[in-house]
Amino acid sequence: MMVFIEELERDVEGIREYYRSGKTKEASWRILQLKGLLLFLKEKEEDIFKALKQDLGKHHCEAYRDEAGTLIKSINYALSNMKQWMSSKKAKLPAVALLSSAELVPEPLGLVLIFSSWNFPIGLSLEPLIGAIASGNTMVLKPSELAPASSSLLANALPLYLDNKAIRIIEGGQEVGQQLLQQKWDKIFFTGSARVGQMVMTAAAKHLTPVTLELGGKCPAIIDSFSWSWDKEVAANRIIGAKYGSCAGQACIAIDYLLVEKKFSPTLVDLLKVRIENMFGENPKASNSMARIINKQHFFRLKNLLNDPAVKDSIVYGGSMDEENLFIEPTILLDPPLEAGIMRDEIFGPLLPIITLNKIEDGINFINSRPKALTIYAFTNNETLRRRMVSETSSGSLVFNDALIQYAADSLPFGGIGESGMGKYHGKFSFDVFSHHKAVVRRSFLTDFWFRFPPWNNQKLLL
Ligand code: NAD
């Protein structure tokens, strides 16, 4: 490890030195790197699909929709807007600064460290990289060791497309993570758990390094008692697609649990069962459209959530597991105990508890009595309820009548609040998260107001 740390320190110093050369600040450099990323995604598409299949059993359609395709969209958006983002913006000054001008000049932060997680191992590694490149930084990316095929593809193939003096990919687990955290960075961008997020913040405090923490938690979804059958069907389709059709529920913005009025719950359960069978067949284990659990440790974590006898009794659909294939059937639970692990911890898997309420409006208090979510979902046509949710709840994002779609929007900030994280990215927000907007003021020597300088008299100031 000593050898590694010395090598790492030399590496980091080398990248910092390269930043000082100013090369990465040039628009042409940024464009070249973004185009390199695009080429990587296009030329290595098959390898990406293979890696995501190997790590998580993702179907190539899912892999394209959630990772490669989303990244291509984001890179093209950055390429189309980057010059405008890089331009300085005029700012107004108060009258006291007469005959002056001011502007905000975006500058890169310097050398940034990016940690990503295993559930979207390509997407969550490269999405922040796009922002770090577009804003002219040098960077070190550490993908998650829990998705080894994806991590190795990034470490071995991506450097062929990028300027390796400025962009380094370092593979490794906790130990490497700890060694990286000991270095001095100009920014740490972390995607992962709140537990490790705390370690990141502690390490960053030593150098007063700013951090962005993209964390998780439980994302609730309120489901209103729809009377229109079309709305019910579409809602059920979107809930099932989002919960089981994107990394088998191992997503930070996956619906964690549903809140529904008691009288509507039997209808909802029936609708959800039908949608599961439509999407994954009667034997979902045989389906090629559902991802697998990342590893045994997470498989047993999920198994333990279900093993609590009171929780087991609440299963109304699914519940079967295959350790060998790291497969867990889409599972629905009705009213598991609120104090059980499944309702306390982030589920991060294909288990979907439904909690029944007397009135749908009670959902607001239910949500507000828990830590702030990364996303709150609500499926409802009730405008009064929607307005109340906007004004009375707090979360990273709030989505009506769909799920996961917010991740793909370049125009929306993506990030949490409270326990679900701090800071935001995507689109222009990714540029800003890796930039400093420097205030630049230009004064003329021509004149000054009398009251700027002592000695003062008794005249009243009119500012
Ligand atoms: P994690 O915190 O275990 O790992 C994240 C990163 O930190 C990995 O690169 C890992 O190697 C590194 N790491 C782990 N332990 C470390 C240590 N002791 N010291 C230094 N580095 C360490 O998280 P995970 O299991 O990869 O991801 C799951 C969590 O991430 C969930 O809570 C999920 O909600 C959240 N998540 C959030 C987002 C988001 O965009 N907000 C996206 C995906 C996942």
Side-chain angles (χ1 to χ4, degrees), residues 1 5 8 55-56 66-67 70 74 113-129 131 140-148 150-151 154-155 169-183 185 188-204 211-219 246-256 291 293-299 301-302 344-349 371-375 395-397 404 406-409 412-426 429-430 433:
M1 196 44 70
I5 234 202
L8 183 71
D55 286 333
L56 285 145
D66 290 354
E67 307 206 43
T70 305
S74 300
L113 173 65
I114 299 169
F115 273 19
S116 71
S117 75
W118 50 262
N119 52 343
F120 298 87
I122 306 286
L124 294 175
S125 293
L126 300 190
E127 192 72 46
L129 213 72
V140 169
L141 162 70
K142 194 200 81 59
S144 170
E145 74 285 12
L146 299 190
S150 304
S151 171
L154 290 173
I169 295 129
I170 296 184
E171 286 194 275
Q174 297 183 17
E175 268 182 74
V176 172
Q178 283 296 328
Q179 307 286 5
L180 285 165
L181 288 178
Q182 280 172 32
Q183 310 301 309
W185 306 94
I188 303 177
F189 186 101
F190 172 82
T191 302
S193 63
R195 183 185 65 84
V196 182
Q198 284 176 339
M199 294 181 200
V200 169
M201 250 184 124
T202 307
V211 293
T212 292
L213 302 178
E214 294 287 337
L215 311 177
K218 290 176 95 63
C219 298
S246 185
C247 205
Q250 301 165 107
C252 54
I253 47 172
I255 295 174
D256 194 275
I293 306 306
I294 183 73
N295 59 22
K296 289 235 160 132
Q297 191 198 333
H298 280 276
F299 179 88
R301 177 184 63 76
L302 289 160
R344 275 189 283 106
D345 306 336
E346 179 180 13
I347 295 175
F348 225 60
K372 290 187 181 180
L374 190 53
T375 301
S395 52
S397 52
L404 308 190
Q406 73 277 22
Y407 185 84
L412 291 175
F414 184 82
I417 177 169
E419 291 92 324
S420 58
M422 62 181 74
K424 48 192 180 290
Y425 75 132
H426 287 199
F429 302 98
S430 289
V433 86

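Residue numbers count from 1 along this sequence. In each ligand, atom 1 is the first atom listed, and ligand 1 is the first ligand listed.
Polar contact check, Gln178 against ligand 1: a nitrogen or oxygen pair lies under 3.5 Å apart. Residue contacts with ligand 1: Glu145 is placed with a nitrogen or oxygen under 3.5 Å of a nitrogen or oxygen of the ligand (distance criterion only). On a distance-only criterion, Leu215 and ligand 1 share at least one N/O pair closer than 3.5 Å. The shortest N/O to N/O separation between Glu346 and ligand 1 falls below 3.5 Å. Geometrically, ligand 1 and His298 share no nitrogen or oxygen pair separated by less than 3.5 Å.
Considering Leu113, Ile114, Leu213, Val200 in turn, Ile114 is the only one that fulfils the side-chain contact (heavy atoms from CB on, under 4.5 Å) rule with Phe189. Tested against Phe120 for a side-chain contact (heavy atoms from CB on, under 4.5 Å), the candidates Ser150, Ser144, Ser246 yield a single pass: Ser246.
For the atom pair Ser420 OG and Glu346 CD, the distance stands at 10.0 Å (nearest 0.5 Å).
For atom 8 (C) of ligand 1, the nearest non-hydrogen atom of the protein is Ser116 O, 3.3 Å. The shortest contact between atom 44 (C) of ligand 1 and any protein heavy atom is with Ser117 OG, 3.4 Å. For atom 25 (O) of ligand 1, the closest non-hydrogen atom on the protein side is Trp118 NE1, 2.8 Å.
Atom 15 (N) of ligand 1 has its nearest heavy-atom neighbour, among Val196, Thr212, Thr191, in Val196. Within the set Gly192, Ser144, Ser193, the minimum heavy-atom distance to atom 2 (O) of ligand 1 is found for Ser193.
Atom numbering of ligand 1 starts at 1 in the shown order; those under 4.0 Å from a heavy atom of Phe190 are 2 (O), 5 (C), 6 (C), 7 (O). Taking a cut-off of under 4.0 Å to the non-hydrogen atoms of Phe115, the atoms of ligand 1 that pass are 7 (O), 21 (N). Per-residue contacts place Leu374 under 4.0 angstrom from the following atoms of ligand 1 (heavy atoms of the residue considered): 41 (N). For ligand 1, the atoms lying closer than 4.0 Å to a non-hydrogen atom of Glu214 are 37 (C), 38 (C), 39 (C), 40 (O), 41 (N). Every atom of ligand 1 is numbered from 1 in the order shown, and the set under 4.0 Å from a heavy atom of Leu124 is 42 (C), 43 (C). Contact atoms of ligand 1 toward Gly216: 34 (O) (distance under 4.0 Å to a heavy atom of the residue). Applying the 4.0 Å criterion to heavy atoms of Asn119 picks out, from ligand 1, the atoms 43 (C), 44 (C).
Donor-acceptor pairing under 3.5 Å is recorded for the side chains of Ser397 and Thr375. Side chains of Glu127 and Ser74: a donor on one and an acceptor on the other come within 3.5 Å.
Contact annotation for Leu180 and ligand 1: no heavy atom of the residue comes within less than 4.0 Å of the ligand. Only side-chain heavy atoms of Phe414 come within less than 4.0 Å of ligand 1; its backbone N, CA, C and O stay farther off.
The nearest protein heavy atom to atom 4 (O) of ligand 1 is not closer than 4.0 Å.
Closest non-hydrogen pair, Ser395 versus Ile417, comes out as C-CG2, 3.4 Å. Of all non-hydrogen atoms in Val176 and Glu171, the two that sit nearest each other are CG1-O, 3.8 Å. Between Pro413 and Lys424, the shortest heavy-atom distance links the atoms CB-CD, 3.4 Å.
Around CE of Met199, the count of heavy atoms belonging to other residues, nucleotides or ligands within 6.0 Å exceeds 12.
Note: Phe414 and Tyr425 have perpendicular aromatic rings, judged against thresholds of 30 and 60 degrees for the angle between ring planes.
Applying the side-chain contact (heavy atoms from CB on, under 4.5 Å) rule to Ile255 yields the partners Ala221, Ile239, Leu258, Leu352, Tyr377, Phe379, Ala403; only residues at least two apart in sequence or on another chain are considered.
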